[in-house]
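This is a predicted model, so every value here is computed, not measured. Computed over heavy atoms, backbone and side chain alike; hydrogens, waters and symmetry mates excluded.
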Amino acid sequence: MLETVKYLIGSAGASGFSSKSTAEQVTDACPDLRSITAIITGATSGIGAETARVLAKRGARLVLPARSLKAAEDTKARILSEIPESQIIVMWLDLSSLDSVRRFVSEFESLDLPLNLLINNAGKFSYDHGISEDGVEMTFATNYLGHFLLTKLLMKKMIETAKSSGVEGRIVNVSSSIHSWFSGDMIRYLRLITKNKSDYDGTRAYALSKLANVLHTKELDRRLREMEANVTANCVHPGIVRTRLTRDREGLIT
């Protein structure tokens, strides 16, 4: 309870930052990031868009994958209007499709670019039941499976970049403290909501996907350490921010 109160009033934590700190303040002491290439999913709005803007301001080259190329181009245009020297590449990606993820990685590799930073930020929250083209419940497919495969396929490139550049690579999985709301057998529940629409609960499905993000990060970090790779994996709860995540259900709480 005390930690919640401290968060709400904006008390600084061990890092010196608080819930009131902006992305610009947090990165103010960063070194020049012009040697850094970053992929940011979900950068067309909300937290992802601000992450992209501030990293561009610090000099990083950005790759913005998106299901809506128009939305991604709009984000690119907004950043360029503020930071004309920005290097921004827009690419198509539908995280709910494993085939789309594979095609994106293949196209990215054809650019022959390094990869220092992967921010798995895109997220979906839906009160309506849906199934992906791969036959998996849509929230889990988008929030977890797509990012899992994306990270797996890009891992070799990240490790190679870190080794050749001497700069630590970083993978950031954006999860949520709502992951703690899920209890029970993950696989059984996923199978249940994939097959049976009547058992679907949007909040519980979202919590399941966020728990999977946390578990993925913990295992990924263990394996990276085991490989002695100069890449670190982190999972983050971004706080409570009004974004388009709940766009299909507007109301007092959202």
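- In this structure, the separation between NZ on Lys57 and CG on Leu33 is 13.0 Å, given to the nearest 0.5 Å.
- Residue Ile178 is grouped with residue Tyr127 when hydrophobic side chains (ILVMFWY) are merged at heavy-atom distances under 4.5 angstrom, including chains of intermediate members.
- Salt-bridge formation is detected for the pair Glu82/Arg53: a Lys NZ or Arg NE/NH1/NH2 atom is positioned less than 4.0 Å from an Asp or Glu carboxylate oxygen.
- Using a distance-only test at 3.5 Å, with no hydrogens or angles considered, no donor-acceptor pair links the side chain of Ser18 to the main chain of Ser11.
- In this structure the side chain of Phe125 reaches within 4.5 angstrom of the side chain of Thr203, judged on heavy atoms.
- Under the 4.5 Å side-chain contact rule for hydrophobic residues, Ile119 and Leu93 do not share a cluster.
- Under the 30°/60° scheme for interplanar angles, the aromatic rings of Tyr200 and His129 are found to stand perpendicular.
- Between the side chain of Lys76 and the backbone N or O of Ile88, at least one donor-acceptor pair lies under 3.5 Å.
- Clustering ILVMFWY residues whenever any of their side-chain heavy atoms sit less than 4.5 angstrom apart, transitively, puts Leu117 in a cluster other than the one holding Val231.
- Looking at Ile39 and Pro65, their side chains come closer than 4.5 Å, going by heavy atoms from C-beta outward.
- Under the 3.5 Å distance criterion, the side-chain polar atoms of Arg191 are left unmatched by any main-chain donor or acceptor of Met186.
- A salt bridge links Asp74 and Lys70; the closest N-O separation between the charged side-chain nitrogens and carboxylate oxygens is under 4.0 Å.
- Side-chain heavy atoms closer than 4.5 Å link hydrophobic residues (I, L, V, M, F, W, Y) into clusters, and following such links, even through other members, never connects Phe148 to Ile131.
- Put simply, CG on Leu150 and CG on Leu98 are 11.0 Å apart, with the number rounded to the nearest 0.5 Å.
- Inspection of the His237 and Ser175 side chains reveals no N or O donor paired with an N or O acceptor under 3.5 Å.
- Using modelled atom types, one finds a donor on one side chain and an acceptor on the other under 3.5 Å when comparing Ser97 with Glu133.
- The environment of CD in Glu85 is crowded: more than 12 heavy-atom neighbours from other residues, nucleotides or ligands sit within 6.0 Å.
- Using a 4.5 Å cut-off on side-chain heavy atoms (C-beta onward), Pro114 and Arg61 make contact.
- Side chain of Asn116 to main chain of Gly169: no donor-acceptor pair is present (N/O by atom type, distance under 3.5 Å, no hydrogens or angles).
- The nearest pair of heavy atoms linking Ala122 to Asn143 is O-OD1, 4.3 Å.
- Without hydrogens or angle criteria, Thr161 side chain to Leu115 main chain gives a donor-acceptor distance under 3.5 Å.
- Placement of Leu211 and Val236 in two distinct hydrophobic clusters is found when ILVMFWY residues are connected by side-chain heavy-atom separations under 4.5 Å, directly or transitively.
- Between Phe108 and Phe104, the ring-plane angle classifies as parallel under the 30° and 60° cut-offs.
- Taking SG of Cys235 as the reference point, atom CG of Asp221 lies at 11.0 Å (rounded to 0.5 Å).
- Listed here is the closest heavy atom pair of Ile79 and Ala56: CG2-CB, 3.6 Å.
- Side-chain atoms of Thr151 and Asn120 form a donor-acceptor pair, as typed in the model, at a separation below 3.5 Å.
- Proximity of Ser100 to Trp92: side-chain heavy atoms (C-beta onward) are separated by under 4.5 Å at one or more points.
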- request: Before giving the answer on side-chain contact (heavy atoms from CB on, under 4.5 Å), spell out for Arg222 and Met227 the whole-Å C-alpha distance, their side-chain angles and the decisive distance to 0.1 Å.
  value: CA-CA 9 Å; Arg222 185 191 71 78; Met227 295 165 62; over 6 Å; no
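- The one candidate from Ile83, Asp28, Thr27 that meets the side chain to side chain contact (heavy atoms under 4.5 Å, CB included) condition with Val54 is Thr27.
- With a 4.5 Å cut-off on side-chain heavy atoms, Leu145 and Leu149 do not count as touching.
- For Ser209 (side chain) and Tyr206 (main-chain N/O), a donor-acceptor pair under 3.5 Å exists by modelled atom type.
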- request: Would you check, one step at a time, whether the test side-chain contact (heavy atoms from CB on, under 4.5 Å) holds for Leu220 with Met155?
  value: CA-CA 10 Å; Leu220 179 60; Met155 187 61 59; 3.5 Å; yes
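- At a cut-off of 3.5 Å, with distance as the only test, no side-chain donor of Thr75 or Glu73 sits close to an acceptor on the other residue.
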- request: Verify side-chain contact (heavy atoms from CB on, under 4.5 Å) between Ile171 and Thr232, making sure each step is shown before the conclusion.
  value: CA-CA 6 Å; Ile171 299 164; Thr232 297; over 6 Å; no
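- Between the OG1 atom in Thr217 and the NE2 atom in His147 there is a gap of 11.0 Å [rounded to 0.5 Å].
- At a threshold of 4.0 Å, the pair Arg103-Glu107 does not count as salt-bridged, since none of the basic side-chain nitrogens sits closer than that to a carboxylate oxygen.
- Here the CZ-OG1 distance, from Arg78 to Thr44, works out to 8.0 Å after rounding to the nearest 0.5 Å.
- With a 4.5 Å cut-off on side-chain heavy atoms, Leu55 and Leu62 count as touching.
- Of all heavy-atom pairs between Ile9 and Lys20, the closest is O-CE, 3.2 Å.
- Smallest separation of non-hydrogen atoms from Lys157 and Leu113: NZ-O, 3.3 Å.
- A donor-acceptor contact shorter than 3.5 Å is absent between the side chain of Asp134 and the backbone of Val136.
- Ionic pairing of Glu160 and Lys163 is not present here: no N-O contact between side-chain nitrogen and carboxylate oxygen is shorter than 4.0 angstrom.
- One N or O on the side chain of Gln25 and one on the backbone of Thr22 form a donor-acceptor pair closer than 3.5 Å.
- Minimum interatomic distance between Thr41 and Asn121 (heavy atoms only, all atoms of both residues): OG1-N, 2.9 Å.
- Taken to the nearest 0.5 Å, the CG atom of Leu95 stands 11.5 Å off from the OG atom of Ser132.
- A pairwise comparison of heavy atoms in Val172 and Arg170 identifies CG2-CG, 3.8 Å as the closest pair.
- Under 3.5 Å, the side chains of Asp128 and Ser126 contain no donor-acceptor pair of N or O atoms.
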message: Let's go through Leu118 and Met158 carefully: what are the C-alpha distance in whole Å and the side-chain angles of both, what is the deciding distance for side-chain contact (heavy atoms from CB on, under 4.5 Å) to 0.1 Å, and is it a yes or a no?
response: CA-CA 9 Å; Leu118 173 61; Met158 293 200 72; 3.9 Å; yes
